[in-house]
Number of protein chains: 4
Amino acid sequence: MSKPSGTDQVDDHPAFVDASSLKEPPTAKGARTRAALVTAARTVFERDGFLGSRITDISAEADCASGTFYTYFSGKEEVLAAVLEAAQDDMLHPGLPHVNGTDDPREVIAASNRAYLTAYLRNARLMEILYQVASIDPAFQELRRRRAAKFNERNSRHIAELQERGLADPTLDPLMAAKALSGMVSRVAMELMVYEDVDIDTTVDLVTTLWVNALKLKAPEEARPPSKRAGRGGRRRS
Amino acid sequence: MSKPSGTDQVDDHPAFVDASSLKEPPTAKGARTRAALVTAARTVFERDGFLGSRITDISAEADCASGTFYTYFSGKEEVLAAVLEAAQDDMLHPGLPHVNGTDDPREVIAASNRAYLTAYLRNARLMEILYQVASIDPAFQELRRRRAAKFNERNSRHIAELQERGLADPTLDPLMAAKALSGMVSRVAMELMVYEDVDIDTTVDLVTTLWVNALKLKAPEEARPPSKRAGRGGRRRS
Amino acid sequence: MSKPSGTDQVDDHPAFVDASSLKEPPTAKGARTRAALVTAARTVFERDGFLGSRITDISAEADCASGTFYTYFSGKEEVLAAVLEAAQDDMLHPGLPHVNGTDDPREVIAASNRAYLTAYLRNARLMEILYQVASIDPAFQELRRRRAAKFNERNSRHIAELQERGLADPTLDPLMAAKALSGMVSRVAMELMVYEDVDIDTTVDLVTTLWVNALKLKAPEEARPPSKRAGRGGRRRS
Amino acid sequence: MSKPSGTDQVDDHPAFVDASSLKEPPTAKGARTRAALVTAARTVFERDGFLGSRITDISAEADCASGTFYTYFSGKEEVLAAVLEAAQDDMLHPGLPHVNGTDDPREVIAASNRAYLTAYLRNARLMEILYQVASIDPAFQELRRRRAAKFNERNSRHIAELQERGLADPTLDPLMAAKALSGMVSRVAMELMVYEDVDIDTTVDLVTTLWVNALKLKAPEEARPPSKRAGRGGRRRS
DNA sequence: TATGAATGAGGTTTCATTCAT
DNA sequence: CATGAATGAAACCTCATTCAT
């Protein structure tokens, strides 16, 4: 099924498949310590930002000595990767948009957006941090890009499908539109929900309406411009 | 005249009116040195980012001793403010969208977006930096917010006007829509133009179409009670 | 027992009970390093004065890296507090004036003064430094004051006691007299013993005589001028 | 006339005869600028201490450029010398203790002390500063010593004279006693009057009584072998 | 593994002093 | 003489990283 608007991902990062920090902890205690460090790192990053944080703070937060940090990670970048990886699990299942029984594209889009924004809210600060780091560290930039690509692909497919069914503006480039619209959603998520505390229902409504309008989405029954009415040329958006 | 999409501003920062660094140096040489430092700071910030930059580098770039820096600024934050202030001048007059002779709202929107994106391109890295710093320093966060507010107000007014003229979807909240749409534009600017090197014409077209669609914009002649001419169905965006 | 003239304290600082640097280092090595730093700091302070000293010099003197200093102290002020605290121990037991077998107040005063001056000599430079710092840093000013208060209280009590026993000039305000006389002693300590190298016996004699005279001290057997012999008017002090 | 207790001097610095900064200002304007700098320096020194002060502050206080400072002085030490020199004039004539018509030594001593303490109050902070600097800069140490010497000499002479007249304890070494007693007075001046705000009358009384007691001073009529004994019976001021 | 003291390179900041205007 | 910008040596302080225990 195609999901329009970042259904199960946060931001443009659909899959935090990272390879860097997959050192499976050897011992049981080791695993616990490592986990504590990852949790602590997230806390500290969210509090102080990535660049503002110090390794000392992370180990302190994890209740261990600063030296211990280096048993599991080679530096801040690596914990960050681990933190993102951990967050991914949380973000992959944000109540998947089981738009049961509905075919109405608007409902599907709304559900997707809701799922996306819900997950976003839980991980907003982390996203902000990823953004920051990406603009500094090419590795994270790449990470961000690769994931955004997957994500946009999916939304793009959904748009294309709607176009094929005659439900969306056929003049739009599906991939470009997908990028622009999901960009809009993630921006709105940060600006309105995080900074301005707008409630999620309002936000879902807003972005869904704009998204639907932007695609000139028709109701399914209007689909496939019936040949006979072709003369009328009525391809009314929305 | 109301300008729809951040016509003459970059990002959400319509007016970099800053007060912090208004210490006009008394002498001419002083002014020159200060200017050199501001220029150098911009260069260094764009190269290394705000947090990655060192004051030493800035003074080196400005060909002066490190101590000289402190004659004019109390720290990196203050130069950044000065840099943004200087950039503002550049951004305030990016070939104002004198959409001469056209009343067509799409043309107006397109022109605005072009102006905006053009300026954005010139200051993209700086915007990225402001974003970074805002997420770290509350002062810049505030700066960003206050300016975004002004900016959104303007776009909001334009949308409301179109609604009043019966040209735009009346169900939209003008302010919210303005925020979402200009968010989209600045996101696209960064993602597509800066990271993916999409050319400006394509980008302008993309965002303009989406913007226009999102508002369900009608051509002026369709305005208001289109009752009688409904059959004609002239739907020309742009 | 009340001790007249700063018996077991140096200057007006009876108890260097400081709270600022009570961070007992956890490990043994840590304790050693900290102690080395305190010792080094004292050496450097006595050599260069407080303001003339550099943290680098202290760590160098303690044979450790400059960063190590900050593991234990937040700055020069804090080491100084630690140095004073350490000195206190030395000063608290300078051969307490166990004027065994004597009740003669003059002997008691002499012994006290000797104890005081002996300790003073050992810590003279430090006292000078405390004086300096106190005139600059309100925290040390306060420290000095609070301790002087305790000290003066004790001398004051001794004087009052002598007055009650009819051995000292009853017209004197005990606290004021205590302040003035111990001020005299510490001044003389610095001026004569430190700057002019007068030997301690001479100095003890000098200040004891002046102190005794100033109180118009009588020998115990003269106590409470018996009314009947009033006419004889025998007034021989000490 | 012999003055017992630092009659017209402040602290132990009877004569600020300094040679270092006697560069008579050439121009009239020059003289004014120099004077402004000296005044400013005193203000700044009293506010921030000698070591805490910066040349910049002094020129700022004197409303001139920092470079100007070097036209008149080679550094802080030199202005300090100038400041002390200027203060000397103020201190040399503090209402000289013309104890007209009295021969009573106590009156003389009281008057001297009053004169001394009055002047002290006016220059207390400056004295504190001189003390500080003396403990750092040998030149000022020397200055202080040489002046103290003259001062002590005078008090010493007065004591000797009283001894010769049979009015003071003949066992005291006049010079040593002078040093100790004037040390007491200057200490009390700082501690009580400056720090504790004790009023001058009380202070004069206190130190005068102690001074008189310490010398075992007799009234003139009791002088020497009082064999015939005026009959009137010596009135001892306790 | 865990610890936390020690390290020291690296950046920041201050200010006395010079010098061209 | 006055100015005040420029200088740069010198001190401060931080923190990632190592390593002996």
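Throughout, a chain's letter reflects where its sequence line sits, starting with A, and its residues are numbered from 1.
In this structure, CD in C:Q88 is found 6.5 Å from CD in C:E85, a value given to the nearest 0.5 Å.
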Classify every nucleotide of nucleotides 16-21 of chain E by which part a protein heavy atom approaches to under 4.0 Å, writing B for the base, S for the sugar-phosphate alone and - for neither, in 5'-to-3' order. SBB---
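By the side chain to side chain donor-acceptor pair (under 3.5 Å) test, D:E46 pairs with D:R42, sequence neighbours left out. Remark: D:S66 pairs with no residue by the side chain to side chain donor-acceptor pair (under 3.5 Å) rule, at least two apart or across chains. With sequence neighbours left out, the side chain to side chain contact (heavy atoms under 4.5 Å, CB included) criterion links B:D63 to no other residue. Among residues two or more places apart in sequence or in another chain, the side chain to side chain contact (heavy atoms under 4.5 Å, CB included) test is passed with D:D57 by D:V44, D:D48, D:R54. For B:T33, the side chain to side chain contact (heavy atoms under 4.5 Å, CB included) partners two or more places apart in sequence, or in a different chain, are B:K29, B:L37, B:T68, B:Y72. Looking at residues two or more places apart in sequence or on another chain, you find a side chain to side chain donor-acceptor pair (under 3.5 Å) between D:E61 and D:R47. In terms of the side chain to side chain donor-acceptor pair (under 3.5 Å) criterion, A:E142 has no residue partners (sequence neighbours excluded).
OP1 or OP2 of E:dA2 has at least one side-chain nitrogen or oxygen of A:T33 nearer than 4.0 Å. Residue A:T27 places at least one side-chain N or O closer than 4.0 Å to OP1 or OP2 of E:dT1.
The residue among B:A65 and D:C64 whose nearest nucleotide of DNA chain F is located toward the 5' end is D:C64.
Where pairing requires Watson-Crick or G-U contacts shorter than 3.5 Å, the helical stems of DNA chain F with at least three consecutive pairs are E:2-21 with F:2-21.
Rounded to a whole Å, the CZ atom of C:F69 is 13 Å from the C1' atom of F:dA11. In this structure, D:R32 places its CZ atom 10 Å from P of F:dA2, rounding to the nearest Å. In this entry the distance linking CZ of A:F73 with C1' of F:dA16 reads 16 Å, nearest Å. In this entry the distance linking CG of C:D63 with P of E:dG8 reads 12 Å, nearest Å. In this structure, C:L51 atom CG and E:dC15 atom P are separated by 13 Å, rounded to whole Å.
Here E:dA6 is the nucleotide among E:dA6, F:dC1, E:dT7 with the atom lying nearest to any side-chain atom of C:Y72.
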D:F69 and D:V79: CA distance, side-chain angles, deciding distance, side chain to side chain contact (heavy atoms under 4.5 Å, CB included) verdict: CA-CA 9 Å; D:F69 179 91; D:V79 230; 3.2 Å; yes
